[in-house]
Amino acid sequence: MRTGIIDAYGNYEDVLRDIRRFTSLAHGSDVLTKALLGNYALLDRGRPLEDLRNSIFRTALARNSRCPLCERAQVCALDHFLPKNHFPEYSILADNLIPVCERCNRLKGDECDRADGLLMFHAYFDEFPDIEILFAEINIGNTVSISYSLRHSDKIDNFTFGRVERQFKILGLFDFYQMEAVAELTDQIDLYDETYDSFGDSGLRSTLGALARGAERKGINHWKAALYRALSRNTEFCSGGYRKLLVTGS
């Protein structure tokens with residue numbers, strides 16, 4: 001059994017590349033599944049693998065304390081990228097333990113598309129597309145409304161784009177980003193006022209463009225980057241329409 005687990009660890013990246021070709025080491029054995037799942041408790045405080053858990057969190061906090069799935073909330077839980085209920089042999093493999101926020105950990109759950117192989121993006125092994133595919137749309141009526149969408153690019157293959165779509169659907173990222181965007185803009189309205197009063201619409205557009213470029217350092221498809229790009233291109237918003245942020249829609 002020890003040899004089998006070592007082999008499984010060695011195959012981990014191959015499983016990520018095409019999960020459709022693999023079955024769990026414990027497939028068909030409830031006894032082995034239970035035994036392997038029991039290993040996860042070894043990561044608890046005071047147990048033999050507590051240092052491993054602490055090391056994973058320390059590394060995450062040193063790099064970026066934000067959740068790699070939503071890019072917003074702080075990490076506070078360990079997600080099994082390949083769910084331990086499907087692949088219990090990876091229940092304590094460090095590469096399979098991803099620090100995430102409580103919300104994303106709950107929504108992802110045991111998600112594992114073995115039929116189509118459309119896994120979500122792995123924080124350690126995958127790079128999210130660096131081609132602009134996330135867009136924010138700004139509509140100004142009685143108030144300012146914001147919505148997000150994905151647009152396919154011919155520079156991205158269909159399989160990769162399908163993975164992006166699946167991740168956004170499972171984690172409810174369109175609605176989540178919309179709520180975060182409203183809060184972001186409301187918090188910044190004094191900056192918009194000061195900039196618009198001093199430099200007019202061109203000054204506000206320039207400021208929004210700078211904010212977009214700053215956010216793009218986190219990735220061209222970061223939700224703030226998409227938001228500020230859209231705002232900088234919206235003539236009505238830059239011409240004073242931003243003040244409707246403070247109007248409560250009926």
Side-chain angles (χ1 to χ4, degrees), residues 64-74 100-108 120-121 128-154 156 161-250:
N64 182 357
S65 62
R66 299 298 179 187
C67 174
L69 297 181
C70 67
E71 300 181 304
R72 179 64 182 90
Q74 274 199 314
V100 297
C101 69
E102 185 280 330
R103 175 186 178 276
C104 287
N105 190 44
R106 171 173 46 81
L107 290 175
K108 178 177 176 293
M120 295 168 64
F121 284 80
F128 203 80
D130 60 358
I131 303 298
E132 185 179 2
I133 56 174
L134 179 63
F135 292 83
E137 182 176 345
I138 313 300
N139 290 300
I140 301 177
N142 293 329
T143 187
V144 178
S145 64
I146 305 159
S147 60
Y148 282 86
S149 64
L150 291 168
R151 300 178 193 171
H152 193 280
S153 168
D154 57 11
I156 299 176
F161 189 74
R163 292 178 66 191
V164 175
E165 289 183 307
R166 190 173 185 83
Q167 182 152 322
F168 269 71
K169 179 179 179 180
I170 291 168
L171 300 178
L173 292 180
F174 292 128
D175 290 340
F176 182 66
Y177 288 162
Q178 186 270 337
M179 291 186 292
E180 293 297 318
V182 170
E184 170 77 11
L185 297 190
T186 302
D187 288 344
Q188 297 286 356
I189 197 163
D190 287 344
L191 170 64
Y192 306 152
D193 259 336
E194 292 171 7
T195 304
Y196 184 73
D197 291 344
S198 299
F199 305 105
D201 55 354
S202 62
L204 181 54
R205 184 176 293 107
S206 178
T207 295
L208 294 169
L211 289 170
R213 291 188 294 275
E216 285 173 352
R217 296 193 186 101
K218 301 175 182 177
I220 194 169
N221 290 304
H222 191 277
W223 66 272
K224 281 190 181 181
L227 172 65
Y228 283 117
R229 280 195 301 267
L231 293 173
S232 68
R233 298 166 183 165
N234 190 288
T235 300
E236 188 174 358
F237 186 89
C238 294
S239 299
Y242 69 87
R243 293 194 175 105
K244 292 187 177 181
L245 285 163
L246 298 180
V247 177
T248 303
S250 57

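Heads up: numbering here begins at 1 and tracks the sequence.
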Given 3.5 Å as the limit, does a donor-acceptor pair link the side chain of [X] with the main chain of [Y], or not?
X: Thr143; Y: Leu245; value: no
X: Asn221; Y: Ala226; value: no
X: Tyr177; Y: Cys70; value: yes
X: Tyr228; Y: Ala215; value: no
X: Arg151; Y: Ile133; value: no

4.5 Å side-chain heavy-atom contact, Leu107 and Leu69: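 Not touching, per the 4.5 Å side-chain cut-off.
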Side chain to side chain, Leu227 and Ile138, heavy atoms closer than 4.5 Å: yes
Lys/Arg N to Asp/Glu carboxylate O, Asp175 vs Arg103, below 4.0 Å: no
NZ/NE/NH1/NH2 to OD/OE distance under 4.0 Å, Glu71 and Lys218: no
Closest contact, heavy atoms only, [X] versus [Y]:
X: Ile156; Y: His152; result: O-CE1, 3.1 Å
X: Ile140; Y: Val144; result: CG1-CG2, 4.3 Å
X: Tyr148; Y: Ala181; result: OH-CB, 3.8 Å
X: Cys101; Y: Ala73; result: CB-CB, 3.5 Å

Verdict with reasoning, Leu231 to Leu211, per side-chain contact (heavy atoms from CB on, under 4.5 Å): CA-CA 10 Å; Leu231 293 173; Leu211 289 170; over 6 Å; no
Intermediate values then yes/no, side-chain contact (heavy atoms from CB on, under 4.5 Å), Gln74 and Arg66: CA-CA 5 Å; Gln74 274 199 314; Arg66 299 298 179 187; 4.0 Å; yes
Pairs meeting criterion side-chain hydrogen bond (donor to acceptor under 3.5 Å, both in side chains) with involvement of residues 198-209, two or more places apart: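 Residue pairs with at least one partner in residues 198-209: there are none.
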side-chain hydrogen bond (donor to acceptor under 3.5 Å, both in side chains) pairs, two or more places apart, involving residues 229-242: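 Pairs touching residues 229-242 that pass the test: Glu132-Arg229, Asp193-Tyr242, Glu216-Arg229.
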Six-ring centre of Phe176, Arg72 cation under 6.0 angstrom, axis tolerance 45°: no
Distance-only check: which donor-acceptor pairs under 3.5 Å involve side-chain atoms of residues 164-173, not counting sequence neighbours?
unit_1	atom_1	unit_2	atom_2	d
Arg166	NE	Glu111	OE2	2.8
Arg166	NH2	Glu111	OE2	2.7
Gln167	OE1	Phe121	N	2.7

Spacing of OH belonging to Tyr192 relative to SG belonging to Cys238, to within rounding of 0.5 Å: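 The distance works out to 10.0 Å.
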Nearest-0.5 Å distance that lies between atom CZ in Phe128 and atom CZ in Arg163: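 So the gap between those two atoms works out to 10.0 Å.
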